[in-house]
Amino acid sequence: METQLSNGPTCNNTSNGPSTMSNNCSSPVESGSIEDSKTNLIVNYLPQNMTQEELKSLFGSIGEIESCKLVRDKITGQSLGYGFVNYVDPKDAEKAINTLNGLRLQTKTIKVSYARPSSASIRDANLYVSGLPKTMTQKELEQLFSQYGRIITSRILVDQVTGVSRGVGFIRFDRRVEAEEAIKGLNCQKPPGATEPITVKFANNPSQKTSQALLSQLYQSPNRRYPGPLAQQAQPSGAPRFSPMAIDGVTSLAGINIPGHAGTGWCIFVYNLAPDADESILWQMFGPFGAVTNVKVIRDFNTNKCKGFGFVTMTNYDEAAVAIASLNGYRLGDRVLQVSFKTNKTHKA
DNA sequence: TAATATT
């Protein structure tokens with residue numbers, strides 16, 4: 001634990017997530033400020049539909065949260081895909097990095113790292129690079145740019161089908177001045193061995209998105225989500241499909257009184273969990289099916305071992321129904337899970 | 001030639 005912390009949490013890159021190369025591993029001390037917070041985390045690559053409450057619920061399963069904020073577009077209110085979680089205890093922040101960094105949520109692999117102190121100097125430090133040799137790797141790209149400063153993230157865009165580089169990428173520096181120097185030094189220059197010069201300029205800001213792009217984003221249907229890691233358990237072919245109209249996120253469920261519906265969402269009962277099961281397994285199993293607002297593993301007060309069951313709250317009925325259809329009967333280790341909407345029989349008024 | 005990381 002101590003070793004990993006001093007080595008920098010951002011070294012925990014995942015293999016296929018939208019993560020960075022591993023040169024951003026400086027500790028807060030090494031990066032020049034001993035005042036860096038050890039409780040405040042930045043969470044990147046959040047699913048588009050994840051809410052602040054869901055973020056808080058996920059990270060609250062680690063420890064007490066002092067504050068939590070999902071960053072949204074000022075105009076459209078759309079999530080910008082990242083947020084901040086500030087813990088009360090630095091130990092919990094460290095634990096969150098160790099347990100939640102790299103967690104797969106829907107189509108995303110989230111990244112959890114310490115937040116740098118907010119400052120104007122770290123803003124607008126993102127570069128768009130085009131004309132790269134198709135053979136250039138992310139590592140080589142970073143090597144080229146690292147002479148100008150500390151790289152926070154890098155990415156080379158690839159063809160989704162072939163996996164071949166599209167010759168364009170992004171480099172985010174720690175500070176804007178570093179990005180400015182990189183433009184001066186590398187724009188219109190040929191990388192070593194390349195036959196064509198590259199273009200290096202500041203990347204567009206998300207706020208500059210066209211209204212058309214915003215519209216397509218607003219109407220992106222959450223129904224197209226792949227059915228999670230457990231597709232073999234999915235409903236038999238021929239089973240009724242769910243209408244995208246019904247799960248557009250604005251369907252009002254307030255006041256509906258149906259078993260399983262708890263006012264804030266649809267409560268799902270998960271039975272036959274192992275004694276050492278924890279909340280993360282529930283997030284991982286149900287997250288791919290849609291908006292999960294809460295998970296809970298029921299534990300014995302004395303032993304702190306799971307009593308064999310837990311609950312998951314999902315916002316949308318259709319997504320909950322698909323999750324149940326897919327996960328009921330799912331084999332987790334050597335156990336076969338029973339998954340259903342929660343009934344009211346356990347606590348009759 | 002364009003995905004999102006500083007409240």
Side-chain angles (χ1 to χ4, degrees), chain A residues 8-10 12-13 17-21 24 26 28 31 33 35-37 39-50 52 55-56 59 65-74 76-87 93 97 101 107-134 136 138 141 149-160 164-176 178-179 187-188 196-210 212-214 216-217 220:
Chain A
T10 50
N12 298 335
N13 292 308
S19 198
T20 81
M21 297 294 288
N24 52 354
S26 356
S31 67
S33 170
E35 298 173 0
D36 288 6
S37 169
T39 59
N40 195 25
L41 303 179
I42 185 165
V43 186
N44 289 292
Y45 310 108
L46 293 169
Q48 171 61 40
N49 63 347
M50 190 167 192
Q52 180 165 297
L55 182 67
K56 185 172 186 180
F59 282 79
I65 291 174
E66 191 275 328
S67 62
C68 171
K69 178 159 191 177
L70 178 70
V71 180
R72 296 179 177 278
D73 184 283
K74 285 192 181 73
T76 67
Q78 292 290 293
S79 165
L80 293 182
Y82 67 93
F84 297 89
V85 176
N86 190 26
Y87 283 98
I97 289 169
N101 183 42
T107 62
K108 303 281 192 172
T109 301
I110 69 171
K111 181 176 176 184
V112 185
S113 52
Y114 288 110
R116 292 172 285 163
S118 183
S119 150
S121 67
I122 67 173
R123 295 187 57 187
D124 301 316
N126 195 23
L127 297 180
Y128 173 73
V129 188
S130 59
L132 294 168
K134 298 288 196 287
M136 181 178 265
Q138 187 183 13
L141 179 68
R150 182 161 82 105
I151 295 169
I152 301 300
T153 58
S154 71
R155 167 176 296 182
I156 289 179
L157 303 185
V158 298
D159 184 287
Q160 287 195 339
V164 173
S165 166
R166 295 166 64 186
V168 302
F170 294 87
I171 293 275
R172 178 179 296 278
F173 278 101
D174 182 39
R175 293 180 299 141
R176 181 181 173 91
E178 296 170 335
N187 186 35
C188 301
E196 300 299 325
I198 62 173
T199 299
V200 183
K201 57 186 181 183
F202 282 109
N204 292 339
N205 277 329
S207 55
Q208 299 170 302
K209 218 176 283 184
T210 68
Q212 195 170 32
L214 286 171
S216 71
Q217 195 171 29
Q220 220 172 34

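Chain identifiers are assigned alphabetically (A, B, ...) following the order of the sequence lines, protein sequences preceding nucleic acid strands; residue numbering begins at 1 within each chain. Keep in mind that this is a model prediction, so the values were computed, not measured.
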Can you check the [X] [atom1] to [N] [atom2] distance for me, whole Å?
X      : N     : atom1 : atom2 : result
A/K74  : B/dT6 : NZ    : C1'   : 11 Å
A/R176 : B/dA5 : CZ    : P     : 18 Å
A/L80  : B/dA3 : CG    : P     : 15 Å
A/N126 : B/dT4 : CG    : P     : 11 Å
A/K134 : B/dT1 : NZ    : C1'   : 9 Å
A/Q48  : B/dA3 : CD    : P     : 13 Å
A/R72  : B/dT6 : CZ    : C1'   : 17 Å
A/Y82  : B/dT7 : OH    : C1'   : 7 Å

Is the closest side-chain heavy-atom distance between A/V164 and A/V158 below 4.5 Å?
no

Does the side chain of A/F84 come within less than 4.5 Å of A/L41's, by heavy atoms?
no

Look at all strands and tell whether A/L157 reaches a base, only sugar-phosphate, or nothing, counting heavy atoms closer than 4.0 Å.
sugar-phosphate

Can a donor-acceptor pair be found between the side chains of A/D73 and A/Q78 at a distance below 3.5 Å?
no

With distance as the sole criterion, do the side chain of A/N205 and the base of B/dT4 form a donor-acceptor contact below 3.5 Å?
no

Minimum-distance nucleotide to [X] side chain [options: [options]]:
X      : options             : value
A/K69  : B/dA5, B/dT4, B/dT7 : B/dT7
A/F84  : B/dA5, B/dA2, B/dT7 : B/dT7
A/V168 : B/dT1, B/dT7, B/dA5 : B/dT1
A/N204 : B/dT6, B/dT7, B/dA2 : B/dA2
A/R155 : B/dA5, B/dT4, B/dT7 : B/dT4

Intermediate values then yes/no, side chain to side chain contact (heavy atoms under 4.5 Å, CB included), A/L55 and A/V85
CA-CA 8 Å; A/L55 182 67; A/V85 176; 4.2 Å; yes

Is [X] close enough to [N] that one of its side-chain N or O atoms is under 4.0 Å from OP1 or OP2 there?
X      : N     : value
A/S118 : B/dT7 : yes
A/Y45  : B/dT4 : no
A/R123 : B/dA5 : no
A/R116 : B/dA5 : no

Under 5.5 Å between ring centres and under 30° between planes: does that hold for A/Y128 against the base of B/dA2?
yes

Under 3.5 Å: donor-acceptor pair, side chain of A/R172, backbone of A/N126
no

Assuming nearest nucleotide by heavy-atom distance, tell me which of A/F202 and A/V71 is located more 5' along DNA chain B.
A/F202

For this output row, return yes or no: ring centroids of A/Y128 and A/F170 closer than 6.0 angstrom.
yes

